[in-house]
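Since the model is a prediction, treat every value here as computed from it, not as a measurement. FYI, side chains are in, hydrogens and waters are out, and symmetry mates aren't considered; it's all heavy atoms of this structure.
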Amino acid sequence: MRADQLIVNVNVYNSYYKRFELNNVAVLDGRFMYVGPGGPELIQADEVIDARGRYMIPGLIDIHLHIESTMVTPATFSHGLIRCGVTSIVAEPHEMANVFGLEGVQEMMAASRETTVNMFYAIPSSVPATPMETTGGSIEIEDMDVLLATGEIICLGEIMNYVDVIRDPECKTNQILQHIRKHYPDLVIEGHTPKLLGLDLHRLIYAGVDSDHTHQSIEGLQARIAAGMFIEIQEKSMTPEVMEYLIQHDVAQHFCFVTDDVMPDSLVERGHLDHIVRKAIRMGMRPEDAIYAATSTPASRMKMTDRGSIAPGKVADYVLLSDLEKLAIDQVYKNGRKAYDDYEPYKQERMTGQFPSHFYKSVQLDKLAAEDFAIQLSDPKVVGTANQTDEGPYNCRVMMVKDGSTFVEEHIAQVQAANGELQWEDSGYGQIATFERYGVNGNRAHGLIGGDTIKRGAIATTYSHDNHNLLVVGRNREDMILAANTVISSQGGFCVVEDGKVLSHLELPVGGILTEEPLAVVSHQVKELRAAMLSLGYVHYNPIMSISTHSLAVSPALKITDHGLIDVNAGKVVPLIVEQQ
């Protein structure tokens, strides 16, 4: 019997019994052919690998993530994933879709076809996430048909607008769900259902949404599993009580591990899905069960029948471990070929021009000046429908940032006005402003910000979920102008300024949200960026994620888009100045 590769003396993970067995493994034409005691006396192989008792597990599979969260291109992301033992992913490119619509998704898919990691794609289902913002593109039902015709789509991406699904039968999201269920009844539909319970949860599942990857509590976990929902556990859900529940109860078929969002420095320093598996083991889960939740169940959820286990006919994606408890990765093989070796150099060269030329020219904004950061009483987004005089004080809404969360609370504070403008620089609060950057309508909006945000200087970015318009937070106009214009000049990115000096500048020229720099370079730049943000007095466990979600109009409670301040819970635009009753 002939094989391309024979791995002998290896402890092979058997997914069906969730245990390791000392065996030999043969690979032919990129797939596992045989797992058993027979060795060279039975099988003639071109390559024989003596594993010397090490552990073999399937390549890890992450079925819910956003490549754009790491700010790199698919090729660079693949380079980072392979060393973590991740060989297959399901990516939802809703950030790039918000910038370029259908073309954004198509180009992300095209950029993924030659990567080492198999990158399957989810259709972004909520672009734009809300009608209360301007984006560079949208994804409509006809666009979904175009994407599904490629045969490269594996699921409908997370349904985020769950409130409208329940309350508005005619909403766009319900139209999408009805279309998918009628025309593509076998397509997996992913969900985003934070804190939903009872009848509302069941109504969402009835509509076709049968998974959830948001922060889990024991009550929510039990309710979802009891109703037939599949749970995708990301790190923030790995609380002691949730992990104890998963360990003690027979629910292995009902959950898997996912990463969702991983920053580039975290990917380099801690890892990816392998970090989640290690953490689960440290928290008391058997390695066999933790591995199962990162290989077998995610494959099953996404109907990947050709991978997720080491068995005849399955794709030969596997990882050799020198230490099971520590999940110490020695080598990673993709389709039976070595893709990573911990004992060999592993470097990435810089790649450019991976996208069409106009993807590098998406910031259609002129340079800003001092008057662009004046909060004028003549602006309806500031005063609403009321007629205001030139003098204050006025009761104003303030976005209050809170460490430990991306939620932003509403606070009412008095701010003086003079000469037709709010005197925000003397108010004790900063200004937050956003500028539509696609050349669609020139919209802009201004607000006030406080709490655990910066106390000095300014930060500007086009990496602002989900619309990715230019967002600027600052304590004085001069620093805000410099930060904003630096980002505009580089066609997107982040800039941190204090006292007229640029402290950090991360360029993201691909759609204003990605860079083509190697992962090691981006990791260093992001660490520098985070340090610069913290030096301005930002008090947050993840200041980059915090500021980038100030414009996320589906995340409570007070956010800002180019349409104005958004009362997320009420689902409406509200003026900066509180209108008198």
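Counting heavy atoms from C-beta on, the side chains of Leu327 and Leu321 come closer than 4.5 Å. Leu508 is listed as a side-chain neighbour of Tyr463, based on a closest heavy-atom distance under 4.5 Å. Between Val268 and His524 there is no side-chain heavy-atom pair separated by less than 4.5 Å. Using a 4.5 Å heavy-atom cutoff, the side chains of Met1 and Met33 are in contact. Looking only at side-chain heavy atoms (C-beta outward), Met263 and Lys527 stay at 4.5 Å or farther from each other. In this structure, Arg278 and Asp274 have side chains that are in contact, with non-hydrogen atoms separated by less than 4.5 Å. Side-chain contact between Tyr360 and Val510 is present, with at least one heavy-atom pair separated by less than 4.5 Å. Residues Ile180 and Leu148 have side chains in contact (heavy-atom distance under 4.5 Å, counting atoms from C-beta outward).
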Worksheet item: Can you check ring pair (Phe, Tyr, Trp, His ring centres under 6.0 Å) on His468 and Phe100, steps first, answer last?
Response: CA-CA 11 Å; His468 298 294; Phe100 291 113; over 10 Å; no
Discussion item. Working note: Asp212 + Lys195, criterion salt bridge (Lys or Arg N to Asp or Glu O under 4.0 Å); need CA distance, chi angles, decisive distance, verdict.
Written reply: CA-CA 10 Å; Asp212 182 30; Lys195 300 181 179 180; over 6 Å; no
Item to complete: Would you sort out whether Tyr16 and Ser296 count as a side-chain contact (heavy atoms from CB on, under 4.5 Å), showing the intermediate values?
Response: CA-CA 9 Å; Tyr16 309 104; Ser296 184; over 6 Å; no
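One N or O on the side chain of Asn11 and one on the backbone of Gly53 form a donor-acceptor pair closer than 3.5 Å. Of the possible polar contacts, none joining the Gln216 side chain to the Ile233 backbone as a donor-acceptor pair under 3.5 Å is found. Distance alone, capped at 3.5 Å, places no donor-acceptor pair between the Glu232 side chain and the Ile63 backbone. Between the side chain of Thr70 and the backbone N or O of Val72 there is no donor-acceptor pair closer than 3.5 Å. Of the possible polar contacts, none joining the Glu517 side chain to the Arg350 backbone as a donor-acceptor pair under 3.5 Å is found.
None of His64, His465, His192, His66 except one satisfies the ring-ring contact (aromatic ring centres under 6.0 Å, His included) rule with His94; the exception is His66.
For the pair Glu47 and Lys338, the salt-bridge criterion is not met [side-chain N within less than 4.0 Å of a carboxylate O]. Using a 4.0 Å cut-off between a side-chain N of Lys or Arg and a carboxylate O of Asp or Glu, Asp265 and Arg530 qualify as a salt bridge.
Side chains of Asp145 and Tyr184: a donor-acceptor N/O pair is present below 3.5 angstrom, by distance only. Side-chain contact of Thr73 with Glu516: a donor-acceptor pair under 3.5 Å is absent, judged by distance alone. For the residue pair Asn161 and Ser126, no side-chain donor N or O sits within less than 3.5 Å of a side-chain acceptor on the partner. At a cut-off of 3.5 Å, with distance as the only test, a side-chain donor of Gln348 or Thr76 sits close to an acceptor on the other residue. For the residue pair Tyr121/Ser112, the side-chain donor-acceptor check at 3.5 Å is satisfied.
Residues forming a side-chain contact (heavy atoms from CB on, under 4.5 Å) with Asn9 (at least two apart in sequence, or on another chain): Asp50.
Dense packing is recorded around OH of Tyr346, with more than 12 heavy atoms of other residues, nucleotides or ligands lying under 6.0 Å away. With a 6.0 Å radius and a threshold of 12 heavy atoms from other residues, nucleotides or ligands, Glu241 has its CD atom above the threshold. For Arg337, the CZ atom is loosely surrounded, since the number of other residues' heavy atoms within 6.0 Å does not exceed 12. When the shell of 6.0 Å around CD of Glu114 is examined, it contains 12 or fewer heavy atoms from other residues, nucleotides or ligands.
For Glu190 against Cys155, the heavy-atom pair with the smallest separation is CG-SG, 4.0 Å. The two atoms that bring Ala45 and Gln5 nearest to each other are CB-C, 4.0 Å, heavy atoms only. For the pair His215 and Ser237, the tightest heavy-atom approach, listed with the atom from each and the gap, is CA-OG, 3.3 Å. Across Ala97 and Pro124, no two heavy atoms sit closer than the pair CB-CG, 4.0 Å. When every heavy atom of Val8 is checked against every heavy atom of Asn24, the shortest pair comes out as CA-OD1, 3.1 Å. Of all the heavy atoms in Ile61 and Met304, the pair that sits closest is CG2-SD, 4.0 Å.
His249 has its ring centre no less than 6.0 Å from the ring centre of Phe255.
Applying the side-chain hydrogen bond (donor to acceptor under 3.5 Å, both in side chains) test to pairs two or more places apart or on separate chains, those with a residue in residues 96-110 are Glu103-His358.
One finds the OG atom of Ser88 at 8.0 Å from the CG atom of Asp306 (value rounded to the nearest 0.5 Å). Here CG of Leu60 is found 11.0 Å from OG1 of Thr259. Values are rounded to the nearest 0.5 Å. With rounding to the nearest 0.5 angstrom, the CG atom of Asp261 is 8.0 Å from the CD atom of Glu95.
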